[in-house]
Amino acid sequence: MDLRDVGRLFVGLIFYISGVNGGETRICALKGSSVDLHCSHQHLTYSRKWFTIGWDGYKYVQSELSVDGQRVTYNMSEEKNTTLTINDLRQSDANTYCCMKTTDSPQLCWLNRITLQVVAELQVKVIPATEGQTVTLMCSSSCTLTEKPAAYIWYKNREFLYEDWSPWYQELLSSEEAVTYSCAVKGYEDHRAPEVSVDSITQTCFSVTYAFGNICSYKQTSVNEPCSIIYPREVHVQRVSSTSEFVTLTCNTSCNLTDDQIVFMWYHNKKNYYENQHYSTQKSSRDTFSCTVKGHKHLQSKEVCVQDKNCWRVNYVSRRICALEGSSVNITSEYSHPDNRKPKFKCWSKKWRKDKVEVEELIEAAGRVEYQDNMKNQHILTINNLKKNDSGGYTFRFQKDHEGWTQSDLPGVFLIVTELRVKMSPSAVVTEGQRVTLTCSTSCPLTDNTNYIWYLNSRPLTPRENQNKHLILDPVSREDAGSYSCAVKTNKDISSAPKTLTVQSITGRTRVSVIILILTLLFFFFLIRKKWTMSQSSTNDTSNYIVKLNPDPACEDVLAQPQVEDEVLYSKVHFFKNHTDPLFSTIEPLQPRDEQHADYAAVKFRHKTSSDGESVVISAETDDS
């Protein structure tokens, strides 16, 4: 093959795997969201309308879409691009759409169709880890969402846990009793995935309980009822019987499932075939076969052939890789081919979004990307200096003589590129004596045997016993305060951004508390003192008697008589207790007009001159003389 043929093949591959030669557009949206469907016709006119279209087995059937002006609307732009907008998506909106003139043929409509898939609910997929008796979680949907979520939100026991751009749960999990997990897409928190609990994990199986959801419907139970499912950690294909013409393959698991607890799916030449645990094929077949658990493509067996030496097949050493930003990664495929038909071209492709549509594009071996092909029929894709946008699905492809490129309904290798971050619990500001947990966090779980290095103020910190990913300071002291960062031992040059831990002195806090207590006591003492003073003042007022001389009516005439100029009459007399230099004065009694009114006696008053010069009476006594 010369360079021109390789070039044509390369360009043809790009168009082929990008889906340019197909007229169907696929859109996947979340229930409750909004979606815009754009008419793909050129030279649009206002006479075009939107239809739903399908195939009834004999012919294309189309029906005009009803528009209510609110939830379902048309919009004609200045470029005459008719856009169909559907708000508050429902499951019933999942359909095949096209825009056309009423006079156009249904075949033309079908060639430019838009397939809309509506995700009724998210699911928390439980996936076995590659090593150890642990599992990890992934927030998944039945199809890849066209609009990339702003973030995924995780909940533990119905309480908010954290949010991150990655759909993977950040930790490896062991079985935990009465602990549930759920997830949601940011902006659609009301549409959480059904809660999941991991009941048990062994070397061969793990048991999961779903609170409700479509995943339970396979057991012919209500989607509103909980269900428990046992999943195998491994799935493999086994040849169980054969005749002169046929061979029967069985999808076996790493654990013995005694009842119909899971549903198996078979793939024939990487295409979804049918649901069953057994598969029969001709002995002469050169096709490839693999099986998986329905709804869990990641639990996929390796591809097998009935005639091992005469078929084309591809397997992967690892299907899920979590790698650090800035590091290098090897993605390895294992392939086989007939001895006399070697592939002319081998390459890797990556799935990514382009204009909100998922496409698949060839990865060239240039710059940060390297190809390696060894003698063990292993083809290795190496990506150096990883970046976050390297995250995605990778598939190995090779060409057969005079045949098209192998296509697959199955995922290849899913790569997540993550950074390291330091998280502090309960917070970054604590008090001496508290328990503080520092976590070297990632957006996806690294392997079980990952060793971490902690730094305090840029100096390596010797971790305490049995603490790697989590550094526990219990009790924390003022010497523990400072700037913390973490790294992985195998990538010491890649570390997290520093985060400062502030430790407040318990003595300082005590002093502040004592001062506050003293001020509080002084304030209350002041209030009590003020109240007591007012009470005393009130008591003094009541002790200073006020005497009102209300004369008998018979005396009114006497009082009304003209008085001598120097004569003093008192209508009020005030008595005070606390005067020191008393003076005395005597008031002569009034002379009664007759004996009947001779009830008056002389009164002797004690008075004092005040500072302002007024004479104040301080006491009074009768003069019996």
Side-chain angles (χ1 to χ4, degrees), residues 13-42 48 50-56 60-63 65 72 81-100 106-123 125 138-149 167 185 188 191 214 265 267 270-273 294-295 297-298 349-362 391-395 397 404-412 414:
L13 172 65
I14 293 178
F15 278 94
Y16 183 82
I17 63 179
S18 298
V20 177
N21 62 337
E24 181 184 17
T25 300
R26 290 183 175 271
I27 294 177
C28 177
L30 194 64
K31 179 181 177 182
S33 64
S34 299
V35 68
D36 292 331
L37 308 182
H38 301 285
C39 191
S40 58
H41 279 287
Q42 296 178 351
R48 297 198 181 275
W50 281 90
F51 296 84
T52 58
I53 188 168
W55 176 256
D56 66 355
Y60 295 108
V61 178
Q62 65 184 40
S63 58
L65 188 67
V72 183
N81 184 6
T82 305
T83 299
L84 174 65
T85 299
I86 306 177
N87 300 308
D88 188 21
L89 279 173
R90 305 166 183 171
Q91 281 187 270
S92 57
D93 295 321
N95 214 324
T96 302
Y97 298 83
C98 67
C99 72
M100 56 177 285
Q107 289 82 358
L108 180 62
C109 184
W110 179 259
L111 290 175
N112 295 279
R113 66 192 183 274
I114 299 175
T115 300
L116 173 62
Q117 296 172 276
V118 178
V119 178
E121 65 180 26
L122 297 174
Q123 290 182 354
K125 294 288 182 68
M138 184 174 72
C139 195
S140 177
S141 55
S142 56
C143 56
T144 304
L145 295 173
T146 304
E147 290 282 354
K148 187 177 181 180
V185 169
Y188 302 94
H191 299 279
N214 293 329
M265 295 185 65
Y267 289 86
K270 301 180 176 64
K271 294 293 183 180
N272 189 358
Y273 198 64
K294 185 178 181 180
K297 290 182 179 180
H298 50 271
S349 64
K350 177 192 172 185
K351 286 187 177 181
W352 61 293
R353 287 184 179 85
K354 185 177 183 180
D355 299 328
K356 298 182 180 180
V357 176
E358 188 177 64
V359 297
E360 195 170 351
E361 191 172 68
L362 181 71
S391 298
Y394 292 81
T395 304
R397 302 183 181 280
W405 291 81
T406 56
Q407 292 292 302
S408 176
D409 287 340
L410 290 168
F414 193 73

Less than 4.5 Å apart, any side-chain heavy atom of [X] and any of [Y]?
X: E121; Y: K31; result: no
X: M100; Y: Q62; result: yes
X: F51; Y: L65; result: no
X: L122; Y: S140; result: no
X: N95; Y: L116; result: no

With side-chain hydrogen bond (donor to acceptor under 3.5 Å, both in side chains) as the criterion, how do S349 and T395 come out once you've worked through the C-alpha distance, each side chain's angles and the decisive distance to 0.1 Å?
CA-CA 5 Å; S349 64; T395 304; 4.5 Å; no
Looking only at atom types and distance, does a side-chain atom of T146 sit under 3.5 Å from a main-chain N or O of C28, one as donor and one as acceptor?
yes
Check whether any side-chain N or O of D93 sits under 3.5 Å from a backbone N or O of R90 as a donor-acceptor pair, and report yes or no.
yes
Just how far is it from atom [atom1] of [X] to atom [atom2] of [Y], taken to the nearest 0.5 Å?
X: Y97; Y: R113; atom1: OH; atom2: CZ; answer: 15.0 Å
X: T144; Y: I27; atom1: OG1; atom2: CD1; answer: 13.5 Å
X: N112; Y: C99; atom1: CG; atom2: SG; answer: 8.0 Å
X: H298; Y: K125; atom1: NE2; atom2: NZ; answer: 6.0 Å
X: L84; Y: I86; atom1: CG; atom2: CD1; answer: 4.5 Å
X: Q117; Y: S142; atom1: CD; atom2: OG; answer: 6.5 Å

Residues in side chain to side chain contact (heavy atoms under 4.5 Å, CB included) contact with Q107, at least two apart in sequence or another chain
Y60, S105
Sequence neighbours left out, what passes side chain to side chain contact (heavy atoms under 4.5 Å, CB included) with S33? Give chain and number order.
A29, L30, L89, Y188
Going by side chain to side chain donor-acceptor pair (under 3.5 Å), name the residues that satisfy it together with [X], two or more places apart in sequence or in a different chain.
X: T96; result: none
X: D88; result: none
X: N87; result: S34
X: H191; result: none

Evaluate the side chain to side chain contact (heavy atoms under 4.5 Å, CB included) criterion for residues I114 and W50: first the C-alpha distance (whole Å), next the side-chain angles of each, then the deciding distance (0.1 Å), finally the verdict.
CA-CA 11 Å; I114 299 175; W50 281 90; 3.9 Å; yes
Give the minimum heavy-atom separation between K350 and S391, together with the two atoms involved.
CE-O, 3.5 Å
Decide side-chain hydrogen bond (donor to acceptor under 3.5 Å, both in side chains) for D36 and T85; before the verdict, give the C-alpha distance in whole Å, the side-chain angles of both, and the deciding distance to 0.1 Å.
CA-CA 5 Å; D36 292 331; T85 299; 2.8 Å; yes
